[in-house]
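Worksheet for the structure shown next.
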Amino acid sequence: MCGIIGYIGKKQALPILINGLRRLEYRGYDSAGVAVSDGKKFTKIKAVGKIEKLAEKLKPLDLNGSVGIAHTRWATHGGVTEANAHPHSACADDLVIAHNGIIENYRELKEKFLKGHELKSETDTEILAHLIEVFYKGNLTEAVRTALKEVRGTYGLAAMHSDEPDKLVAARFGSPLVIGVGDGEYFLASDTSPMLAHTKEVIFLDDGEIAEISLSGLKISSLDSKNITKYSETIDWDEASAQKQGYEHFMLKEIFDQPAVFKDAIRGRYNLTEGTAHLGGLNMTSEQMHSVSRVILLACGTASYAALVGKYALERLAGIPTEVDVGSEFRYRDPIIDRNTLVFGITQSGETADTLAALREAKRKGAFVRGIVNVIGSTLARETDGGTYMHAGPELAVASTKAYTNMVAVLILYAIQFGRLNRLTQATGERLIAALLEIPTKMKEVLAQSERIKTIAEKYKDSVGMLFLGRGINYPVALEGSHKLKEISYIHSEAYPAGEMKHGANALLGPHFPVVAIMTKNQLYEKMRSSVEEVRARKSPLILIATVGDESARELADDVIYVPPTMELLEPLLNTIPLQLFAYHTAVALGRDVDRPRNLAKSVTVE
Ligand code: AGP
């Protein structure tokens, strides 16, 4: 949540900072601010609303300077006001900081250190600025170090002081920060997306590290003043993949990215002739793999629905009992874990606080802990003992689409890999791999129906609520379809396993209440069809996701979206796409801010 960008070099800082904020806006977007140093003093400008509001405010000002920091906020402490926007100063205007995270003991710090200090905002960040001011004796790095030793909580911090105009100080604990190394210049940001236009050489700060960044070099040390040597890494995402490329929204572009990035997720990870998969990053000996008696998949939101698909696949192909738990529940319920439990954290960002905390708990209890992650070098990727990058490329829309698909792809590959160790036959493995290879072409067939799905979405856009139904492997698809619709269109929706309807949800049905049902041709087709007929009988408008060739679906439904046939376990890779498009077109028809839905941020780095 929230995004920080910093620059120090020879160029004008402002355009770099503002463009960087635009890239980070997906992390939070209720207010933003920038501070630029002209070598003597700072000019600090803030605005409530999106980055463009700040950019407009800055237009008439001639803000020169080649050092600066900026921040885009998603409020956690204090309302959405200009005073609460970052960067913050202390009593004097010679210090500015931008901060992500939460200072948990801010009340104690205020009591103990800040007598006589006048606070101008309601934020915990401002308390931190005052604390650094208290300890400042001519060396910003040391003042930050001393202040942070008093702090309990999480931070990704950027600080500048006008007495040391050629220096940026950064510190991290629990909230990511990356340093970009350019030619005679440095960048600092919450993730790599704002760096891509400038450099691909990056250094990821770890928890408890402080970086002093100046034109004469970069010094990294620990909170207790030990020097740390770190080397830069090269990131392989490019700038073009982080652009809209002619699509109206990032979400639509990312939906259409799916055939290509799906290929990236499976490339080099399967063996067709042996009917198996091989995910090298697992870092487990075959003995350890054989010892796995239980799998736990930890995730939040959309990632948890991808995990549910993974549960079906792991149980069916590998015969390993698999549980799915959302991070926010798992971390507090004293879970039972033993040394034969394999725990995967599944996360696009690799920064989701609840998933991270749950995984740390599993690690403490001695499980094998692995990650399925998209963002390279993210916290979860670095904290696990192995795992797999899902290779979805930068996902900037708050609503996750292509990362979901690639999570499912990686989980299915794991299920095949574990399956081939025990009960999965080579023949079935071969069929699965062959079917996986056909998925990109079939995804394109679904995507080609976008305009028709738009017409359907426009027809139902004024509904007050909707129900999504699925069974078996398509129940998680229904959950994901419902999740997508509510988060970007703000229409209330629920998802049910179709067999459960008779136990309560049937009471909702009627002409005012549309139902989206996934009724593709698989082993539960007849059962699903009976549930759909009940919906029909109760006169709810019916939108069906059906298999190409199932003409009888047209007689049942008001609207049918056809998807190509595939093996049952792979159906979520296709069946989710019409639901993503349905949610997208509904949100557009309602005039919603599709890429940045209200009250949500892309990366949820607070509890
Ligand atoms: C997805 O559309 C949501 N924005 C949200 O549920 C998301 O999947 C969740 O916050 C988990 O994020 P992660 O994959 O980065 O951990």
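Residue numbers run from 1 in the order of the sequence given. Numbering of ligands and ligand atoms starts at 1, following listing order.
- Residues satisfying the side chain to side chain donor-acceptor pair (under 3.5 Å) test with H249, not counting sequence neighbours, are Y584.
- Each of C300, G301, T302, A303, T347, Q348, S349, T352, V398, A399, S400, M407, H483, K484, E487 has a non-hydrogen atom positioned under 4.0 Å from some atom of ligand 1.
- In this structure, K53 places its NZ atom where only 12 or fewer heavy-atom neighbours from other residues, nucleotides or ligands lie under 6.0 Å away.
- Residues satisfying the salt bridge (Lys or Arg N to Asp or Glu O under 4.0 Å) test with E361, not counting sequence neighbours, are R364, K365.
- Side chain of K402 to main chain of F256: no donor-acceptor pair is present (N/O by atom type, distance under 3.5 Å, no hydrogens or angles).
- The shortest heavy-atom contact between G350 and V373 is CA-CG1, 3.9 Å.
- With sequence neighbours left out, the salt bridge (Lys or Arg N to Asp or Glu O under 4.0 Å) criterion links R452 to no other residue.
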